[in-house]
Student: 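Sharing a structure, written as structure tokens. Questions coming.
All values below come from the heavy atoms of this structure, side chains included, with hydrogens, waters and symmetry mates left out. Position 1 is the first residue of the sequence, and the numbers go up from there. Because the structure is a prediction, the values reported are computed rather than measured.
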Amino acid sequence: MTKERPCIVQRDRTILLEVNHAGFEEAREQISQYADLVKSPPSFHTYRITPLSLWNAASAGWSAGRIRESLQSLSRWNVPAALLEDINRLIERYGQLSLLKHPGKPGGLILRACSSKTMEEVKRKLLLDAARLRYVSDTEAEVPAGLRGMLKQELTRLGYPVLDYAGYQDGQFLHIRWRGEEGGAGQAERFSLRDYQQEAAGTFRDSGGLGGSGVLVLPCGAGKTIVGMAAMRELQCETLILTSNTTSVRQWMAELEDKTTLTSAEIGEYTGSSKQVKPVTVATYQILTHRHGKEDELRHMKLFNERSWGLIIYDEVHLLPAPVFRATADIQATRRLGLTATLVREDGREHDVFSLIGPKRYEMPWKTLEEKGWIASVECVEMKIPLPDQVREKCLCAGTREQYRLASENPAKLDAVKRLMERHGEAQTLIIGQYLDQLKDISASLDLPLISGQMPQPRRQELYAAFRRGDIRALVVSKVANFAVDLPDASVAIEVSGSFGSRQEEAQRLGRILRPKSGDNRAYFYALVSQDSREEAFALRRQLFLIEQGYQYRTETMSSIGSRLPAERVLFGSRKEAAETT
């Protein structure tokens, strides 16, 4: 045993990382490259090595040997030999199967295995009727081009990720340059990328010769839109951009006009209010999946084939709905770029992102960008709010879901919001929540505008613009502001309620305040949680992704009237007296 090492590595593929160890940060950075954080109780964080975490590591250049060396250098005891064998076996599977163009059949594909044993495994496990493969040798099978996506999806689920060498169509050419790039008198100053943005775009373009599909993971505020535009400039092709909401659509359009040579005549909006298909078209996931009745067809899915797209950008790829996955399986010959701050999906479909959009090609740790000043330094605080007696009595008679909602809508949170706003003076503040009745009460009590899904888009844009100008100090916002809302001066976020244990939601909400700030470049994120309630366990689950990124949560306890108690406990991750959650 080597006591000075921070980890306990177990046969069941779990890694226990000691929180109080001097080497915690260094170990966390290494482990997060090839394992997923699943629990963060006091003392030890629990990570799990999964096939997908290893394949994403392999796609980013981690070999089995490098992972073994990392584990052995961090482990307090000898790493179990059986676990090292598992890592070798799973990493070796990455690359055992590949897809190539059929040399004799235009449009046809060849599935090639590195050995006859691997192909025998595929034959035995794959549903042949569904896949319609024709085996032509011990190591090769012919595949219809239309099954390219479905085959990759199914083989990944079976534990055999496929390297796709079948190539991509170029799409219709479109001349794209950065504004001012071509010089000339009177031209605007040339736009330039930050170093990590250039690296991310280059990783997608090159990808070891596989350029054309993959996911780039960058923190909120790091300029994912810029990276997407850089990929468009590299490829010089007509592009379809899919994103989470109409606000994001218009932000993309504004950025394209502001930073590239594209004109408004070349950029189209495809949303509920406008159906323009142009060389660059920006659409919402909602419009693609919209239909009048449950049995009606998804009429707008035809957008995938409206033009000869050379690139499809999936913004906020972790939100991709199931029908878009199905459509994406049919367009594997088109280059695909996924952009996200977190690959966490609450529906567990990370495998489908991996197989249909592509593996993780690049990831920039949040704390790295914070250290360089590209995003704000955020202080995370969990505020413990006592439950009033009458609410606690209701909880005793309620079901589990209703208990959570009662705790989330704790009326004592209003006093806490008031105190926090007093604490931060004139800081630009977002009050974010899940339940509309709760948000309406806060909006009315504090005389603040409320932005929700019921508000028309033009009015939302007016309020966002007033907030950016500083005419409005604070906004109350529902989950419509979770994603892709650019409010660079917001420096305080107060979360009054959330979607149960949604890790991605917590990350996106903190992302609303990550834009760099003038002065000390600091921001504050407060999560208001009812004390000794069902909300506590879900709050701990929500914090998991941010803890993995290295954020520290400090806890404060407030009295029922919202005054701050003298005692504070500083948390590293979830170092607190709360139940473990999975």
Student: Taking atom OG of Ser497 and atom CG of Asn410, what is their separation to the nearest 0.5 Å?
Tutor: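 Interatomic distance, Ser497 OG to Asn410 CG, rounded to 0.5 Å: 11.0 Å.
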Student: side-chain contact (heavy atoms from CB on, under 4.5 Å) with Gln461: which residues, sequence neighbours excluded?
Tutor: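 If we apply the side-chain contact (heavy atoms from CB on, under 4.5 Å) test to Gln461, skipping adjacent residues, the hits are Thr247, Gln457, Tyr464.
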Student: Using the salt bridge (charged side-chain N to carboxylate O under 4.0 Å, His left out) rule, take Glu370 and Lys372 through it: C-alpha gap first, then chi angles, then the decisive distance, then the call.
Tutor: CA-CA 5 Å; Glu370 178 187 302; Lys372 294 182 177 181; over 6 Å; no
Student: Evaluate ring-ring contact (aromatic ring centres under 6.0 Å, His included) for Tyr34 paired with Trp55, printing each intermediate quantity in order.
Tutor: CA-CA 8 Å; Tyr34 51 80; Trp55 297 334; over 10 Å; no
Student: Please confirm whether the backbone N or O of Leu387 pairs with a side-chain atom of Gln531, one donor and one acceptor, at under 3.5 Å?
Tutor: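 Looks like no, no N/O pair under 3.5 Å.
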Student: Nearest 0.5 Å please: distance from the OG1 atom of Thr340 over to the NZ atom of Lys224.
Tutor: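 So the gap between those two atoms works out to 7.0 Å.
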Student: Salt bridge (Lys or Arg N to Asp or Glu O under 4.0 Å) with Glu495: which residues, sequence neighbours excluded?
Tutor: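 If we apply the salt bridge (Lys or Arg N to Asp or Glu O under 4.0 Å) test to Glu495, skipping adjacent residues, the hits are Arg509, Arg542.
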Student: With a 6.0 Å cut-off (strictly less than), is the heavy-atom count around CG of Asp489, excluding the residue itself, greater than 12?
Tutor: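 Check passes, neighbour count above 12.
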Student: With rounding to the nearest 0.5 Å, note down the distance linking NZ in Lys479 to OG in Ser502.
Tutor: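 Answer for the NZ-OG pair, Lys479 versus Ser502, is 10.0 Å.
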Student: Are Tyr524 and Val378 packed together at the side-chain level, in the sense that at least one heavy-atom pair is separated by less than 4.5 angstrom?
Tutor: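 Contact flag for Tyr524/Val378 side chains = no.
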Student: Could you pull out all residues at least two apart from Asp86 that satisfy side-chain contact (heavy atoms from CB on, under 4.5 Å)?
Tutor: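 Residues passing side-chain contact (heavy atoms from CB on, under 4.5 Å) with Asp86: Arg11, Arg13, Arg89.
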Student: Decide salt bridge (charged side-chain N to carboxylate O under 4.0 Å, His left out) for Arg534 and Glu536; before the verdict, give the C-alpha distance in whole Å, the side-chain angles of both, and the deciding distance to 0.1 Å.
Tutor: CA-CA 5 Å; Arg534 289 192 62 82; Glu536 283 187 317; over 6 Å; no
Student: Run the salt-bridge test on Glu506 and Arg512 with the 4.0 Å N-O cut-off and return the result as yes or no.
Tutor: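 Here Glu506 does not pair with Arg512 in a salt bridge, since their nearest N and O are not under 4.0 Å apart.
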Student: Quick one: closest heavy-atom pair of Gln30 and Ser73, and the distance?
Tutor: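 Gln30 and Ser73 have their closest heavy atoms at OE1-OG, 4.5 Å.
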Student: Mind jotting down which residue pairs meet the ring-ring contact (aromatic ring centres under 6.0 Å, His included) criterion with at least one end in residues 429-455? Sequence neighbours excluded, please.
Tutor: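 Of all non-adjacent pairs touching residues 429-455, none passes ring-ring contact (aromatic ring centres under 6.0 Å, His included).
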Student: Salt bridge or not between Arg554 and Glu556? Use side-chain N to carboxylate O under 4.0 Å.
Tutor: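 Result for this pair is yes, salt bridge flagged.
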Student: Which distance, rounded to the nearest 0.5 Å, do you find between the CG of Leu343 and the OG of Ser53?
Tutor: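 The CG atom of Leu343 sits 12.0 Å away from the OG atom of Ser53.
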Student: Is the shortest side-chain heavy-atom distance between Leu337 and Leu216 below 4.5 Å?
Tutor: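 Heavy-atom side-chain distance check passes, below 4.5 Å.
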Student: Any sub-3.5 Å donor-acceptor pair from Thr368's side-chain atoms to Met364's backbone N or O?
Tutor: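 Between the backbone of Met364 and the side chain of Thr368 there is no qualifying donor-acceptor contact (under 3.5 Å).
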Student: Which residues satisfy the salt bridge (Lys or Arg N to Asp or Glu O under 4.0 Å) test with Arg405, sequence neighbours excluded?
Tutor: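 For Arg405 the salt bridge (Lys or Arg N to Asp or Glu O under 4.0 Å) partners, ignoring immediate neighbours, are Glu409.
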Student: Using a 4.5 Å cut-off on heavy atoms from C-beta on, say whether the side chain of Trp252 contacts that of Thr243.
Tutor: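 Touching, per the 4.5 Å side-chain cut-off.
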Student: Check whether any side-chain heavy atom of Leu475 sits under 4.5 Å from a side-chain heavy atom of Thr429, and report yes or no.
Tutor: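 Contact flag for Leu475/Thr429 side chains = no.
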Student: Can I get a per-line list of side-chain donor-acceptor pairs under 3.5 Å for residues 58-67, giving both atom names and the distance, sequence neighbours left out?
Tutor:
{"residue": "Ser59", "atom": "OG", "partner": "Asn56", "partner atom": "O", "Å": "2.7"}
{"residue": "Ser59", "atom": "OG", "partner": "Lys360", "partner atom": "O", "Å": "2.9"}
{"residue": "Ser63", "atom": "OG", "partner": "Arg66", "partner atom": "N", "Å": "3.1"}

Student: Using a strict 4.0 Å threshold on nitrogen-to-oxygen distance, state whether Asp352 and Arg157 make a salt bridge.
Tutor: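 Salt bridge flag = yes for Arg157 with Asp352.
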Student: State, to 0.1 Å, how close Gly223 and Gln197 come at their nearest heavy-atom pair, and which atoms those are.
Tutor: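 Minimum heavy-atom separation between Gly223 and Gln197: CA-NE2, 3.8 Å.
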Student: May I ask you to test the Leu54-Thr50 pair for a side-chain heavy-atom distance under 4.5 Å?
Tutor: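 Not in contact.
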Student: Going by the salt bridge (Lys or Arg N to Asp or Glu O under 4.0 Å) test, name the single residue among Arg28, Arg76, Arg5 that passes it with Glu18.
Tutor: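 The salt bridge (Lys or Arg N to Asp or Glu O under 4.0 Å) with Glu18 is passed solely by Arg76 among Arg28, Arg76, Arg5.
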Student: Can you tell me if Gln549 uses its side chain to pair, donor with acceptor, with the backbone of Trp366 under 3.5 Å?
Tutor: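 Looks like yes, one N/O pair under 3.5 Å.
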Student: Between Phe204 and Arg361, is there a cation-pi geometry (under 6.0 Å to ring centre, at most 45° from the normal)?
Tutor: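 Judged by the rule, Arg361 and Phe204 form no cation-pi pair.
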Student: Are any side-chain N or O atoms of Gln286 and backbone N or O atoms of Ser244, one a donor and one an acceptor, separated by less than 3.5 Å?
Tutor: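 Side chain of Gln286 to backbone of Ser244: a pair is present.
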Student: A quick test of your reading: do over 12 heavy atoms of other residues, nucleotides or ligands sit less than 6.0 Å from CD of Glu402?
Tutor: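 Count over threshold, so yes.
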Student: Using the test side-chain contact (heavy atoms from CB on, under 4.5 Å), find all partners of Glu350 that sit at least two apart in sequence or belong to another chain.
Tutor: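 side-chain contact (heavy atoms from CB on, under 4.5 Å) list for Glu350, sorted by chain: Leu52, Arg345.
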Student: State yes or no: are the ring centers of His424 and Tyr526 separated by less than 6.0 Å?
Tutor: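 When the ring centroids of His424 and Tyr526 are compared, they turn out to be within the sub-6.0 Å range.
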Student: Side chains of Pro359 and Tyr94: closer than 4.5 Å at any heavy-atom pair?
Tutor: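 A side-chain contact exists here, since the closest heavy-atom pair is under 4.5 Å.
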Student: Any donor-acceptor pair under 3.5 Å linking the side chain of His318 with the backbone of Leu339?
Tutor: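 A pair under 3.5 Å: no.
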Student: Verify the distance criterion only: is there a donor paired with an acceptor across the side chains of Thr342 and Gln504 at less than 3.5 Å?
Tutor: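 Gln504 and Thr342 do not have a side-chain donor-acceptor pair below 3.5 Å.
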Student: Taking side-chain hydrogen bond (donor to acceptor under 3.5 Å, both in side chains) as the cut-off, I'd like each qualifying pair that reaches into residues 387-401, sequence neighbours left out, listed once.
Tutor: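 Passing the test, one end in residues 387-401: no pairs.
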Student: Of all residues at least two apart in sequence or in a different chain, which pass the side-chain contact (heavy atoms from CB on, under 4.5 Å) check with Ala493?
Tutor: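 Checked Ala493 against side-chain contact (heavy atoms from CB on, under 4.5 Å); matches are Ile432, Ile513, Phe525.
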Student: Given 3.5 Å as the limit, does a donor-acceptor pair link the side chain of Asp315 with the main chain of Thr225, or not?
Tutor: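 No; zero donor-acceptor contacts below 3.5 Å.
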Student: Kindly write out the residues that satisfy salt bridge (Lys or Arg N to Asp or Glu O under 4.0 Å) with Arg194, not counting sequence neighbours, or none if the list is empty.
Tutor: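 Partners of Arg194 under the salt bridge (Lys or Arg N to Asp or Glu O under 4.0 Å) test: none.
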Student: Could you tell me if the side chain of Lys367 sits less than 4.5 Å from the side chain of Glu29, heavy atoms only?
Tutor: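 The answer is no, as the side chains (C-beta and beyond) never meet within the 4.5 Å cut-off.
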Student: Can I get a per-line list of side-chain donor-acceptor pairs under 3.5 Å for residues 439-452, giving both atom names and the distance, sequence neighbours left out?
Tutor:
{"residue": "Ser443", "atom": "OG", "partner": "Leu448", "partner atom": "O", "Å": "2.4"}
{"residue": "Ser445", "atom": "OG", "partner": "Asp441", "partner atom": "O", "Å": "2.8"}
{"residue": "Ser452", "atom": "OG", "partner": "Gln454", "partner atom": "N", "Å": "3.3"}

Student: With a 3.5 Å distance limit and no angle check, can you tell me whether Glu535 reaches the backbone of Ser530 through a side-chain donor-acceptor pair?
Tutor: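 Pair found, side chain donor or acceptor close to backbone of Ser530.
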Student: What is the distance from atom OG1 of Thr46 to atom CD of Gln10, rounded to the nearest 0.5 Å?
Tutor: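 Here the interatomic distance stands at 8.0 Å.
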Student: Any side-chain donor-acceptor pair under 3.5 Å between Gln153 and Ser355?
Tutor: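 No donor-acceptor contact under 3.5 Å links the two side chains.
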Student: Is the side chain of Lys413 donor-acceptor paired with the backbone N or O of Val529 at a distance under 3.5 Å, no angle test?
Tutor: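 Judged by distance alone, no pair lies under 3.5 Å.
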Student: What I want to find out is whether Glu379 reaches Arg522 closely enough, with some N-O distance under 4.0 Å, to be called a salt bridge.
Tutor: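 A salt bridge links Glu379 with Arg522.
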Student: From Ile287 CD1 over to Leu242 CG, what is the distance, rounded to the nearest 0.5 angstrom?
Tutor: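 So the CD1 of Ile287 and the CG of Leu242 are separated by 12.0 Å.
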Student: Using the ring-ring contact (aromatic ring centres under 6.0 Å, His included) criterion, which residues pair with Phe354? Sequence neighbours excluded.
Tutor: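 ring-ring contact (aromatic ring centres under 6.0 Å, His included) list for Phe354, sorted by chain: empty.
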Student: If we count only N and O atoms by modelled type, under 3.5 Å, do the side chains of Thr328 and Tyr314 hold a donor and an acceptor together?
Tutor: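 Yes, side-chain donor-acceptor contact under 3.5 Å.
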Student: Is the backbone of Phe467 close enough, under 3.5 Å, to the side chain of Gln428 for a donor and an acceptor to pair up by distance?
Tutor: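 Looks like yes, one N/O pair under 3.5 Å.
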Student: Is there a side-chain contact between Leu155 and Pro161 (heavy atoms, below 4.5 Å)?
Tutor: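 Leu155 vs Pro161: side chains apart.
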